[in-house]
Amino acid sequence: MLDSSADTSGTGIGKFLTRAAHWLLHTQEGVLFFIVAAIWVFLTIQSPVFFTGRNIGVLLSQVSMTAITAVGMTILLISGEIDASVGSMQAFVGVVVMSVLNSTSNLALGIVVGLAIGVAVGLINSLISLRLGINSLIATLAMLSIVRGAAFGFTEASIQNTHKIPTFTEIGNGFFLGVPWPIIFFFAVFLIFYFVLSRTTFGRFVHAVGANPEAATLAGIPVRLVKMAGFVLTSVLAAFSAIILLSRLNSGQNGIGAGFELEAIGAVLLGGTSLSGGEGSMVGTFLAVLLLGTLKNGIVLLDINSSWQVAVTGLIIIIAVLLDARRRRRLGQD
Amino acid sequence: MAVLGKGNSGNSVLARGLARWLLTREAGLLILLLAVVVLFWILEPSTRQQRVYWDLLREISPNLIAAIGVTMLMLAGEFDLSIGSMLAVTSVTTVVVFNGTDSMWLGVIAGLATGPIVGSIHGYLVTRQKMNSLVTTLGSLFALRGMVYVYTNKTPIVDENGFYDFQDAYYNNLGPAPLPFVLAIILVALSLIVLTQTEFGRNIYAIGGNETAARVSGIKVNLIKFILFVICASSAAISGMILTMQTGTGYFDSGSSGFELIVIAGVVLGGIALSGGKGSLVGTVLGILILGMTAKGLRLMGVNTNMQLMVTGSIMILAVFMHSFHDRISIFRKR
Amino acid sequence: MPSVQKPLLQLTGIAKAFPGTKALKGVDFSLRAGEVHALIGENGAGKSTLIKIIAGLYQQDAGTIEVEGKKVAFHSPADSLEHRIKVVYQELDLVPDLSIAENVFLGNLPKKALRAVDWQALYSRTSELLLDLGLDIDPEVPISALTVAQQQLVEIARALSRQAQIIIMDEPTSALSQTEIESLFAVIRRLQGRGVGVMYVSHKLDEIYAIADRVTVFRDGEHIATEAVADTRHKDLVTWMVGREVKDLYPRSPAVRGDVLLEVDSLSGGNIENFSLNVHAGEIVAVFGLMGSGVHNLGRLIFGDMPRAGSVRLSGEEIQAQSPMDAIRKGLGFLTENRKSDGLLLPLSVKDNITLVSVNNYANLMVINGQEERRATTDIIKKLSIKTPGIAQRIRYLSGGNQQKSLVGRWLLEDLKVLMFSEPTRGIDVGSKAEIYRLMDDMAHQGMGILVLSTELPEVMGIADRIIIIRQGKSAGRWISRQEANEQDLMTAATVQMEKVI
């Protein structure tokens with residue numbers, strides 16, 4: 001009775017199939033997996049180009065920036081907070097890093113400065129939200145404006161690449177063993193934080209402070225510190241995304257990244273992470289990012305008016321949330 | 001109060017009333033607004049002309065009108081992030097119907113009708129399907145904008161008939177006051193009466209304050225929320241109409257540079273709680289005016305357009321901090 | 001006493017099922033004019049489901065509702081209110097930021113022409129209603145400025161504002177002090193005199209003897225008995241509720257008293273002033289106080305969840321103020337009185353809830369050893385016989401008793417010296433109660449010290465070796481052993497004025 005696997009009958013493959021069916025039909029991840037798989041099959045039939053190594057590489061490289069930021073955002077949302085400032089980070093980190101590289105030609109220094117901006121903004125976000133007690137959505141929306149302003153204050157025009165460091169160009173455009181670097185970064189970040197979230201005490205604490213901060217405090221968990229780590233992590237990963245983006249664009253642009261925050265947060269929510277904290281899924285985020293990327297890719301391949309990208313993104317978010325709402329009602333979770 | 005002494009009782013009542021009012025949220029915001037005006041008066045000579053303020057009121061009218069709907073919806077504890085995209089939907093619809101029917105009135109009616117249509121969809125999804133309004137309207141922010149892109153192929157639609165009456169409505173005045181501002185004030189006044197003096201309005205506060213309590217008291221929560229989604233999208237449609245008057249074109253990117261964020265910023269600055277049930281429309285108006293005046297003043301000073309964002313963000317943090325401080329004081333006062 | 005006539009409210013054969021459970025299996029209930037009819041039962045007996053059906057929040061699957069002999073169907077709360085039925089809920093359903101008057105007339109504001117609110121009528125009618133209930137207060141004040149007892153009266157005023165003839169009270173006294181309960185009862189008797197029928201839902205048997213005319217008992221969704229209160233013995237009620245005779249609810253057996261473990265010296269903070277106590281190994285010490293006495297704050301102060309003055313030592317070591325983390329590290333655990341808001345992580349699994357505090361013990365460099373964690377969890381589940389389909393089950397789906405046992409399990413996995421229980425058995429069924437008490441006894445026998453903070457007199461009398469009374473934040477009497485304490489003395493010491501004791 002007390003065995004955790006007591007609810008399934010049969011053995012071996014039967015058990016596995018029952019569980020797989022349950023996952024597909026009863027979880028947000030399953031629904032997403034189903035949609036992604038269906039679209040992949042459809043696109044493979046419709047376009048000979050879709051299911052080629054090259055195209056999949058392009059698809060995954062394109063979503064890698066959103067994905068890396070969304071990984072941090074998943075953790076932050078589970079801890080019960082949010083960061084809307086990641087869009088402006090793309091611009092601010094980009095212009096600063098490019099100008100540091102131009103003036104020092106030191107790649108390591110540039111990257112360190114970029115990530116340090118992430119740490120700093122994350123600390124400011126957590127200070128405003130946790131110390132001043134301002135709702136983090138409002139606090140980071142304000143920071144969205146402030147950081148964007150800082151990017152414009154830093155430079156009035158875009159900053160071109162004059163340092164010509166070859167390794168820098170590799171970050172966003174190079175390959176390692178035939179796999180584009182952005183994909184390697186994306187998968188590495190995803191796997192590391194999937195592990196952190198599900199297998200470490202920090203991951204457990206993130207869930208706990210999001211589910212019930214008072215209970216977490218009484219269990220001796222440093223609630224503010226855990227949330228602060230979430231803010232800093234999200235901001236640093238956003239800065240990392242910005243560096244990859246910078247390498248791909250090959251110039252620091254102060255206007256880039258508008259709406260990036262909506263895409264990242266949208267992906268996390270689409271992946272089944274709850275706005276109210278305590279619940280979420282890294283795999284769901286992964287699948288959601290994949291779904292959004294596939295749609296964009298498919299629209300290009302099928303030679304559909306590229307304006308559809310935006311519309312379809314919106315419709316998919318609505319459909320996924322609708323399916324989730326219906327599933328919850330069916331299971332009586334309200 | 002003891003300081004006021006016995007003296008003239010009429011006077012002391014007045015003074016006491018004033019003292020009490022000074023502790024309200026609105027008084028704090030009014031003082032902040034005056035401070036912003038005085039600051040620019042000192043720093044930038046061009047703000048010393050009356051014309052500047054009339055211009056400001058004209059430009060800020062679309063924000064004010066959209067903020068009415070957002071305020072009502074947020075008071076009931078729900079959100080609409082899609083209002084920026086609504087501007088483009090209205091704008092494009094209006095001019096497309098202008099060109100298709102050669103009738104100004106049909107165009108205006110069609111443009112305004114987009115509000116109730118989109119609002120009904122939101123209302124249905126949130127109240128019937130129990131979807132989270134923040135995520136749902138985030139979805140429609142993309143969906144609506146995308147459909148406008150697809151339809152227009154990202155080219156502005158020119159009003160072939162050149163309906164000057166239509167455009168004049170934006171630039172004309174009623175006495176000294178710009179017409180769009182007059183419209184905004186009328187809508188604000190009406191909404192204020194609804195919110196403070198009718199049962200419908202009080203029920204909005206009740207829903208935002210404690211939805212279960214409202215439900216068990218026989219208030220039709222779902223119906224009211226549905227109506228509020230319609231009101232919110234409709235007020236955004238009116239804003240979209242005014243912006244279309246300004247340019248006379250159906251613009252696919254209307255409201256795409258964070259219109260929803262600016263309006264929500266103004267509403268929050270005005271003291272509407274994110275959790276609903278708290279705040280007033282007067283606060284919203286002041287919040288929008290503070291943000292508008294700040295942006296305008298900085299623009300006149302020749303500050304980088306986007307540096308204004310930084311100032312706006314800082315003001316927002318300051319204001320929200322002020323509100324939480326105010327909440328603490330008022331709890332203290334009660335005890 | 002009520003004359004024989006058509007009942008105000010007659011429920012017949014009401015049934016209601018939810019996915020996985022049958023909450024009500026065809027129950028009957030009737031309420032006459034001018035009667036107080038108590039409904040009692042354990043958690044899960046179906047009381048709250050029945051209330052929600054009467055309130056129009058749920059629709060019954062089978063059975064009929066009759067009001068004054070006429071069959072009715074409730075599709076929404078509005079329908080129920082229409083028939084002048086008003087529920088006064090346990091968790092107060094008031095809107096904190098609206099005025100008292102707006103709350104009293106919520107959903108039913110008096111109106112002038114053009115549907116505008118008639119504020120004058122609103123305020124004057126509210127004042128009248130409140131004065132009638134003995135509450136002289138400005139109706140324009142927001143609800144959040146009132147005490148819980150005052151809010152309760154506002155709820156009742158709300159019922160009166162709709163001329164309710166049927167008032168349903170769901171555990172109305174759970175947050176009230178003794179004096180406040182007395183005045184609530186006075187109000188109920190006045191309502192009774194006016195011919196209002198009151199359905200009084202409670203689990204406090206004493207209150208039922210004090211106020212009710214008839215009593216109905218539900219168990220597991222079934223109707224067990226309806227009797228006149230005067231003809232019913234206390235023991236019968238308990239047997240009906242539980243379904244068997246509860247013999248050994250309090251299995252306390254003497255244990256060896258060891259060294260002093262917890263020493264609290266001149267503790268102040270909140271409404272607590274200069275409170276001292278100590279707990280020895282092998283001992284169960286109870287602090288008893290009424291609602292509002294500060295008995296609950298005591299736990300938070302000792303544990304460091306509230307700012308405090310004074311010293312708290314565990315085995316001689318000082319525990320830092322405002323640091324639950326330090327308290328836990330030194331061997332102190334704390335279960336609060338609010339299981340949901342302070343204890344449970346509702347979206348998480350039974351396992352994650354149980355190992356919340358001890359998870360570091362199964363981790364190496366922050367990486368959790370899943371196997372070890374699962375084994376520890378399974379052991380606890382077996383040891384406490386927690387009923388769950390598996391360790392991965394979300395805790396929100398467990399019953400109150402099993403949730404509480406899981407929270408006890410959370411602390412058992414730590415190597416504690418002293419465990420504090422605030423209201424250890426609030427809102428759980430008698431069966432689980434007995435198990436919790438048995439666990440406490442076990443822990444004491446293993447050399448732990450147990451501190452119980454409670455507002456339940458029978459519990460304190462049944463389980464504690466020593467009893468301390470707290471009144472208005474101060475110590476108000478100590479009993480060295482359970483044997484020498486009697487109910488009368490304890491209650492008198494805990495009550496501010498020497499007033500009638502139930």
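Naming: A, B, ... by sequence-line order, numbering from 1 per chain. Hydrogens, waters and symmetry mates play no part in the numbers below; they use all other heavy atoms, side chains included.
Between the side chains of A:S158 and A:S251, not a single donor N or O lies within less than 3.5 Å of an accepting N or O. A donor and an acceptor atom, one from each side chain of B:Y149 and A:N305, are nowhere located under 3.5 Å apart.
In this structure the side chain of B:E78 never reaches within 4.5 angstrom of the side chain of B:H122, judged on heavy atoms.
Within the 4.5 angstrom heavy-atom criterion, no atom of A:Q309 approaches chain B. Of the two parts of A:I319, neither the backbone nor the side chain holds a non-hydrogen atom closer than 4.5 Å to a non-hydrogen atom of chain B. In this structure, the portions of A:I146 lying under 4.5 Å from any heavy atom of chain B include both its backbone and its side chain. At a 4.5 Å heavy-atom cutoff, the contact between A:L322 and chain B is made by backbone and side-chain atoms alike. For B:L144, no part sits under 4.5 Å from any heavy atom of chain A, backbone or side chain. If you measure heavy-atom distances from A:L275 to chain B, the contacts under 4.5 Å come from the side chain alone. Both the backbone and the side chain of B:I317 come within contact range of chain A, each with at least one heavy atom under 4.5 Å from a heavy atom of that chain. Of the two parts of A:L269, only the side chain, counted from C-beta on, holds a non-hydrogen atom closer than 4.5 Å to a non-hydrogen atom of chain B. Of the two parts of B:V268, only the side chain, counted from C-beta on, holds a non-hydrogen atom closer than 4.5 Å to a non-hydrogen atom of chain A.
Most heavy-atom pairs under 4.5 Å with chain A, from the set B:L125, B:I264, B:T136, B:N153: that is B:N153.
When atom types are taken as modelled, the side chain of B:S82 and the backbone of B:L141 share no donor-acceptor pair closer than 3.5 angstrom.
One finds the CD atom of A:E261 at 9.5 Å from the CD atom of A:Q90 (value rounded to the nearest 0.5 Å).
Under the side-chain hydrogen bond (donor to acceptor under 3.5 Å, both in side chains) criterion, A:T234 pairs with no residue at all, not counting sequence neighbours.
Here the rule is side chain to side chain contact (heavy atoms under 4.5 Å, CB included) with A:L32, and of A:V283, A:L290, A:L270 only A:L270 fits it.
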